[in-house]
Amino acid sequence: MALNERKERKFMRKKILKISNLHKTFYGFRALNGINMNVNEGELLGIMGPNGSGKSTLLNCITGIFPNTDGKVFFRDKDITGWNSSSIFKIGIARTFQMVQIFPDMCVLDNILGALQESNGNMLQRLFQVNESKEKEKAMGMLDFLKISHLKNENAKNLSYGQQKLLDLGMALIADPSLILLDEPLAGVNLTLGKEIIEFILKLVKKKSCTVIIIEHNAKIMLDICSRIIILNEGKKLAEGKPEEIKSNKEVIKAYFGA
């Protein structure tokens with residue numbers, strides 16, 4: 001085996017995220033029940049499962065939105081269990097939400113700039129250590145990447161829902177995260193814009209060396225784009241494997257597709 005090939009395989013096996021025996025309980029209801037999973041650097045991992053299976057709860061526990069009831073979360077071998085969402089964002093983990101998290105009365109450019117400044121430190125640091133020209137240049141580069149630079153001065157509330165999804169994605173990406181978690185990025189988006197979002201996601205993995213975890217209900221798209229898929233059902237991991245393995249898994253077909 002060639003040296004370069006061994007290095008490439010070693011890189012692909014490197015874990016960026018590890019979840020160990022993760023539990024989350026809400027008033028006696030177990031939303032997550034002993035989840036164990038690893039995420040490899042540079043992969044596009046899909047999380048699938050029926051409604052109520054714990055997909056969004058898992059992302060919320062990883063990113064500090066919800067405190068987990070038990071278990072551990074490791075990012076690059078660092079224990080980040082119990083960290084708040086702001087601290088997790090600053091170390092290189094970003095996410096989007098099912099419902100877009102934007103500032104509706106601010107213009108598109110200011111939304112991106114606000115997210116960039118948040119990633120650069122606390123309020124005092126942002127007040128006294130701001131390089132406006134470089135920040136604006138980076139923010140405009142992100143809007144160009146997302147093909148919405150022509151809307152830079154438009155208030156976010158005036159954008160279409162699909163455009164708001166792109167803005168939400170840009171606010172997550174502007175901090176150059178190593179790991180980004182996408183929660184139903186195609187929900188409510190028309191077919192044309194949905195294809196563009198998928199292209200952006202694939203570019204992230206290929207060109208920006210970013211690891212992506214995606215939740216999406218469109219099974220065909222997930223099976224087409226993901227390198228590996230984890231299926232959740234009733235808060236537990238039901239199956240894990242490559243798309244072709246998931247397609248032929250009888251338990252998955254029964255739980256997810258209702259067959």
Side-chain angles (χ1 to χ4, degrees), residues 56 59-66 83-204 207-208 210-216:
S56 293
L59 266 56
N60 286 332
C61 286
I62 292 171
T63 54
I65 305 296
F66 293 159
W83 286 28
N84 62 46
S85 55
S86 179
S87 297
I88 289 173
F89 179 59
K90 290 171 186 174
I91 64 169
I93 302 177
R95 68 162 297 179
T96 64
F97 295 81
Q98 290 183 31
M99 302 299 293
V100 293
Q101 304 289 306
I102 59 176
F103 299 100
D105 292 315
M106 291 171 56
C107 73
V108 167
L109 179 59
D110 284 346
N111 269 267
I112 296 289
L113 283 171
L116 176 58
Q117 291 167 0
E118 175 63 28
S119 71
N120 286 339
N122 60 38
M123 182 59 72
L124 288 177
Q125 288 174 317
R126 295 200 297 273
L127 285 174
F128 297 108
Q129 298 180 7
V130 172
N131 187 324
E132 290 188 359
S133 61
K134 284 188 176 181
E135 288 191 343
K136 285 187 178 180
E137 182 180 353
K138 184 172 183 179
M140 284 305 302
M142 178 56 66
L143 295 180
D144 286 337
F145 175 72
L146 297 172
K147 300 181 182 178
I148 54 173
S149 58
H150 61 291
L151 299 170
K152 64 179 181 179
N153 294 320
E154 191 73 45
N155 278 1
K157 65 183 178 184
N158 296 330
L159 272 58
S160 70
Y161 188 66
Q163 291 168 338
Q164 290 180 358
K165 284 270 190 175
L166 288 175
L167 177 58
D168 191 34
L169 178 60
M171 292 170 68
L173 294 178
I174 195 63
D176 296 320
S178 301
L179 173 65
I180 183 165
L181 287 62
L182 306 176
D183 195 349
E184 298 191 29
L186 304 182
V189 176
N190 66 53
L191 182 62
T192 300
L193 195 50
K195 289 181 178 179
E196 291 185 6
I197 291 175
I198 290 299
E199 289 177 3
F200 296 143
I201 293 170
L202 294 175
K203 284 180 183 178
L204 289 178
K207 295 185 178 181
K208 289 184 173 288
C210 186
T211 304
V212 177
I213 301 176
I214 180 172
I215 293 173
E216 180 54 53

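Keep in mind that what you see is a predicted model, and the values were worked out from it rather than measured.
- For the residue pair Gln101 and Met99, the shortest heavy atom distance occurs at NE2-O, 3.1 Å.
- For the atom pair CE of Met106 and CG of Asn111, the computed distance is 5.0 Å after rounding to the nearest 0.5 Å.
- The shortest non-hydrogen separation linking Phe89 to Met171 is CZ-O, 4.3 Å.
- Within the 3.5 Å criterion, the main-chain N or O of Ile214 finds no donor-acceptor partner in the side chain of Glu216.
- Rounding to the nearest 0.5 angstrom, the gap separating the CG atom in Leu173 from the NZ atom in Lys203 is 12.0 Å.
- Not one N or O on the side chain of Ser87 forms a donor-acceptor pair closer than 3.5 Å with the backbone of Trp83.
- Here the closest non-hydrogen pair linking Leu166 and Phe200 is CD2-CE1, 3.4 Å.
- A donor-acceptor pair is defined here as one N or O able to donate and one able to accept, closer than 3.5 Å; such a pair exists between the side chain of Asn60 and the backbone of Ser56.
- Nearest heavy-atom pair, Gly170 versus Ile112, reported as atom, atom and distance to 0.1 Å: C-CD1, 3.6 Å.
- Closest approach of Ala139 to Leu113, counting heavy atoms only: CB-CD2, 3.8 Å.
- Taken to the nearest 0.5 Å, the CD atom of Glu199 stands 10.5 Å off from the CD1 atom of Ile197.
- Taking the side chain as every heavy atom from C-beta outward, Leu182 and Arg95 never approach each other to under 4.5 Å.
- Partner Gln98 forms a side-chain contact (heavy atoms from CB on, under 4.5 Å) with one of Ile215, Asp183, Leu59 and no other, that one being Asp183.
- Expressed to the nearest 0.5 Å, how far NZ of Lys157 lies from CG of Asp105 amounts to 4.0 Å.
- Between the side chain of Asp168 and the backbone N or O of Val100, no donor-acceptor pair lies under 3.5 Å.
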Requested in this report: Check the pair Ile180 / Ile93 against side-chain contact (heavy atoms from CB on, under 4.5 Å), numbers first and verdict last.
Outcome: CA-CA 6 Å; Ile180 183 165; Ile93 302 177; over 6 Å; no

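- Taken from OH in Tyr161 to CG in Leu193, the straight-line distance is 11.5 Å, to the nearest 0.5 Å.
- Of the possible polar contacts, none joining the Asn155 side chain to the Asn158 backbone as a donor-acceptor pair under 3.5 Å is found.
- Without hydrogens or angle criteria, Lys152 side chain to Leu143 main chain gives no donor-acceptor distance under 3.5 Å.
- The backbone N or O of Gln117 lies less than 3.5 Å from no partner atom in the side chain of Glu135, so there is not a single donor-acceptor pair.
- You'll find the side chain of Ile65 reaches within 4.5 Å of the side chain of Phe97, heavy atoms only.
- With a 4.5 Å cut-off on side-chain heavy atoms, Leu179 and Leu181 count as touching.
- For the atom pair CD (Glu154) and CD1 (Ile148), the distance works out to 11.5 Å, reported to the nearest 0.5 Å.
- No donor-acceptor pair under 3.5 Å is formed between the side chain of Lys165 and the backbone N or O of Ser160.
- Of all the heavy atoms in Asp176 and Lys138, the pair that sits closest is OD2-NZ, 2.7 Å.
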